[in-house]
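Heads up: the structure comes next, in structure tokens.
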Amino acid sequence: KQEGERDLAEGISNANSKITLNQLFKMYMELKNDLRATTRGNYMSMWNSNVEPSAIGRKKISEIKKIHIKGFYNDCLKLGKKRNTIKLLHNLIFASLELAVESDFIRKNPAKKAMDSIKVDTKEKIPLSVQEVHNIIEFCSESNTYAQYVPFIIVAVGTCLRCGEITGLTWNDIDMKKKTITIDHQLIYKNLGDGCKFYISKPKTDAGKRIIPMTNAVYQALIDIKEHYILSGRRSKVEIDGYSNFVFISGTGHPFAINAVNSFLRNMEKAYNKRYPDQKIPHLSAHILRHTGCTLFASAGMDVKTLQNIMGHSDASITMNVYNHSSFERTEKEVKRIEQAMNF
């Protein structure tokens, strides 16, 4: 009774507090009119696959406590879901419940700090060393199966592009005279309600739009791709949302989906480690190649703001996380350089 009187005094709506979390999320999404179609589709898919059928999804928001949300996150962990997946679900749950608080449906947000007990994924993303990059390129160059992917590796490491940015590259984005690559979109392959298809997605922030100077290795890799396509007769055969003439294409003339990229990189890793069991390389993926490029640039002493621009990070703190952990060797070199400058 006292709780009800307090709600009445503070303007908390008793009727609206009886809606379920699923209903609240639907309201939240209807009000989010600034989302791109791909992002909206991703959010809806994540919710419908995970929260919608769960007990917490069907629970009235007035009855949801922090313990219920933590229990849901722990259930996700038991099902083998990654922390990043749970983090995205948490962001959606938190934002929905925050809307309920702002709308006086409930007094406080039970999702606040509910993620604190969920530990970071234990599998560390280990970048390749310079020698490992050379080793995998040499191995692939001598392989009938993997030689075709050497330019992809060189471009991925030398530009630090996201996988969708690489697979979405068109020759219109490449200026061979100025030796620059313009990034203003990425390619995604998802089911947005009508089956899995390719879509062009624009960067979420202005930082994602950038021009990257080519290294000599990247420049030569692009020349090699051109020559290979001319000799083999391979050409880009599709147009996706107005974009065509893709740089990286399969034998069918179609661009690569991200899962296809990670598939051939995983097979490459297994083949290499089988051939050289005493010098195995760590897990190989498109993200690892990007992380490797970033780490190697940082290790070589690249200015953090320049590296932030290359990576397309909107927040310098994201770049700093990589920069600060790049390597002991970079720190050692910097100390010696400063020592010489101080001259005592």
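Keep in mind the model is a prediction, meaning the values are calculated, not measured.
For Ser54, the side-chain contact (heavy atoms from CB on, under 4.5 Å) criterion is met by Val51, Ile56, Phe72, not counting sequence neighbours. With sequence neighbours left out, Pro282 forms a side-chain contact (heavy atoms from CB on, under 4.5 Å) with Ile126, Leu128, Glu132. Taking Tyr189 as the reference, Phe198 meet the ring pair (Phe, Tyr, Trp, His ring centres under 6.0 Å) condition, with sequence neighbours excluded. Considering only residues two or more places apart in sequence or on other chains, His134 meets the side-chain hydrogen bond (donor to acceptor under 3.5 Å, both in side chains) condition with none of them. Shown here are the salt bridge (charged side-chain N to carboxylate O under 4.0 Å, His left out) partners of Lys32, two or more places apart in sequence or in another chain: Asp34. Shown here are the side-chain hydrogen bond (donor to acceptor under 3.5 Å, both in side chains) partners of Gln279, two or more places apart in sequence or in another chain: Tyr272. Not counting sequence neighbours, Tyr43 has no partner by the side-chain hydrogen bond (donor to acceptor under 3.5 Å, both in side chains) test. Lys270 is linked by a side-chain contact (heavy atoms from CB on, under 4.5 Å) to Arg266, counting only residues two or more places apart in sequence or in another chain. Asn91 pairs by the side-chain hydrogen bond (donor to acceptor under 3.5 Å, both in side chains) definition with nothing, not counting sequence neighbours. Not a single salt bridge (charged side-chain N to carboxylate O under 4.0 Å, His left out) links Lys209 to another residue, sequence neighbours left out.
Ser244 contributes no side-chain N or O that, together with a main-chain N or O of Glu239, makes up a donor-acceptor pair within less than 3.5 Å. Asp241 places a side-chain N or O within donor-acceptor distance of the main-chain N or O of Ile200, the cut-off being under 3.5 Å. When atom types are taken as modelled, the side chain of Ser103 and the backbone of Leu99 share a donor-acceptor pair closer than 3.5 angstrom. Between the side chain of Arg235 and the backbone N or O of Gly253 there is no donor-acceptor pair closer than 3.5 Å. Proximity of a side-chain donor or acceptor of Lys66 to a complementary backbone N or O of Lys112 within less than 3.5 Å is detected. At distances below 3.5 Å, not a single donor-acceptor pair connects side-chain atoms of Asp184 with backbone N or O atoms of Arg210. Of the possible polar contacts, none joining the Asp173 side chain to the Leu169 backbone as a donor-acceptor pair under 3.5 Å is found. Under a 3.5 Å cut-off, the side chain of Glu165 and the backbone N or O of Gln186 do not form any donor-acceptor pair.
Between the side chains of Gln308 and Lys305, a donor-acceptor pair is found at a separation under 3.5 Å.
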Residues 146-155, side-chain donor-acceptor partners within the protein, below 3.5 Å, at least two apart:
from	atom 1	to	atom 2	distance (Å)
Tyr146	OH	Asn267	O	3.2
Gln148	NE2	Thr145	O	3.4

In a table with atom names and distances, give each donor-acceptor pair under 3.5 Å that connects a side chain of residues 225-233 to protein atoms at least two apart or in another chain.
from	atom 1	to	atom 2	distance (Å)
Tyr229	OH	Val247	O	2.9
Tyr229	OH	Ile249	N	3.2
Ser232	OG	His228	O	2.7
Ser232	OG	Arg234	N	3.4

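Between Ile69 atom CD1 and Lys113 atom NZ the span is 14.5 Å, to the nearest 0.5 Å.
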